[in-house]
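Chain letters run A, B, ... following the sequence lines, proteins first, then strands; residues in each count from 1.
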Amino acid sequence: MIYLQLAFEFIKISLFSFGGGYGTLPFIYYIANHYGWYSVKEIMHMVAISAVTPGAFGVNMATYTGFKTGGIIGSIITTLALIVPSFFLSIGVYKILKKYKNSIFMQDFLETLKAIASGLLFVVVLQMINQEILHFNFADLSVNFDIKSFIFLCFSIVIYFLVKKNIPLTMLITLIFGGILKYFLVL
Amino acid sequence: MKISLKELFFIFFRISIVLIGGGYVLLPISINEFSKKRKILTQEEIIDFYALSQCLPGVIVVKTATFIGYHLRGKLGALFSLLGLITPPFIAIVAIGYYINGINPKILGIINTITIAVIVLVGASFIEMAEVCIKNLFTVFMFLLTVILFAFSNIQPVFIIIILSIFGVLYKNIMRRINGGKE
């Protein structure tokens with residue numbers, strides 16, 4: 001019974017959550033309040049672990065929620081329930097896209113969509129910079145500039161170009177240096 | 001050049017391992033793997049897939065992987081891409097759930113420094129995307145409109161996407177009629 005409920009809830013997430021992995025969070029909170037399988041406090045723990053383990057955040061959250069609620073079988077069910085609807089949806093959209101590829105309407109649509117997608121990504125960058133470095137507060141318009149994180153950001157940019165835009169290496173080197181700095185200087 | 005199912009599985013397996021702190025590095029790393037290294041997809045195609053994934057419900061990474069896998073090798077390609085994508089987190093999460101029973105907060109803090117690297121990578125992928133997507137006055141206008149609405153209003157992203165894409169398509173259509181079939 002709990003497996004069926006899990007499958008139902010995560011199919012719902014797959015079909016109705018927008019904005020990527022973090023868009024699944026309201027649903028995860030809903031499950032906690034509605035079924036009581038885990039507490040809201042546990043969600044914070046799950047978010048932290050999902051954010052720092054390999055894999056997309058949304059998939060990790062689903063796997064973790066399933067594991068917490070129904071063990072290994074639970075996690076298999078939630079992961080599948082999350083990806084199967086997207087699988088069919090994407091293939092359907094792909095076929096439509098291919099069929100009308102040369103129509104002016106589709107070209108206009110894609111041109112518009114890509115401009116919008118760039119805008120969304122730009123706002124994500126702004127929000128991350130704000131959250132990690134600037135700490136701008138809308139309520140009293142105060143700025144709490146985090147100089148340490150800013151220096152660290154510059155360091156990371158230099159690394160990115162030094163390793164010729166190699167993404168895993170950039171992440172690894174930043175992680176190692178960041179870890180050492182944080183361990184010896186801050187903690 | 002064709003790509004084998006096994007190769008697709010392992011490419012997405014590798015991609016999945018470096019997806020830490022959200023799926024945002026998916027775009028630069030798949031451009032790197034499929035366009036720059038193997039030359040089996042153009043940068044423009046990958047950006048198309050990514051942009052489409054953003055406006056469909058569900059997890060963005062899952063949809064982009066399905067698009068890429070399906071484009072290259074059909075249904076099986078999409079299936080193997082997704083399997084590659086979900087295997088690393090599955091192993092990691094189950095291992096954490098079983099043996100560690102939660103991570104030490106001190107270690108979490110250290111791993112969290114990766115968010116700074118994520119900012120750099122997302123910033124870089126934004127620049128690559130903007131080079132392809134923002135090329136005329138119309139797209140600059142749509143871009144600014146999105147940023148303003150998304151940053152300074154409480155409208156849900158999904159509604160912003162729907163309203164702006166209808167507006168964009170209508171605007172282009174009307175302008176074309178006014179200018180007599182030309183841009």
### Query
So which part of F152(A) gets closer than 4.5 Å to some heavy atom of chain B, the side chain, the backbone, both or neither?
both

### Task
With a 4.5 angstrom heavy-atom cut-off, could you sort out which part of I159(A) is near chain B: side chain, backbone, both or neither?
neither

### Message
Counting only non-hydrogen atoms closer than 4.5 Å, does L110(A) touch chain B with its backbone (N, CA, C, O), its side chain (CB onward), both, or neither?
### Response
side chain

### Query
Tell me the side-chain hydrogen bond (donor to acceptor under 3.5 Å, both in side chains) pairs involving residues 84-93 of chain A, sequence neighbours left out?
S14(A)-S86(A)

### I116(A) versus chain B, the contacting section by heavy-atom distance below 4.5 Å
both

### Query
Which atoms of V62(B) come close to chain A, meaning under 4.5 Å heavy atom to heavy atom: side chain ones, backbone ones, both, or neither?
side chain

### Summary
Residues at least two apart in sequence or cross-chain that pass ring pair (Phe, Tyr, Trp, His ring centres under 6.0 Å) with Y50(B), listed by chain then number, are none

### Portion of T63(A) that has a non-hydrogen atom of chain B nearer than 4.5 angstrom
both

### Summary
Highest number of heavy-atom pairs under 4.5 Å with chain A among A78(B), G69(B), A130(B), S53(B) belongs to A78(B)

#### Entry: Engaged part of K95(A) at the chain B interface, taking heavy atoms whose separation is under 4.5 Å
side chain

## Note on the structure
Among I127(B), I17(B), I119(B), the residue with the most heavy-atom pairs under 4.5 Å to chain A is I119(B)

#### Entry: Among V120(B), V122(B), L149(B), L164(B), residue most engaged with chain A (heavy-atom pairs, under 4.5 Å)
V120(B)

### Task
Determine the interplanar angle of the Y94(A) and H71(B) rings, folded into 0 to 90°, and report it as parallel if under 30°, tilted if 30 to 60°, perpendicular if over 60°.
perpendicular

### Best-contacting candidate, L52(B), I166(B), I134(B), against chain A by heavy atom pairs under 4.5 angstrom
L52(B)

### Query
Heavy-atom distance under 4.5 Å to chain B: side chain of I173(A), backbone, both or neither?
neither

### Query
Which pair of non-hydrogen atoms, one from C133(B) and one from S118(A), has the smallest distance, and what is that distance?
CB-OG, 3.4 Å

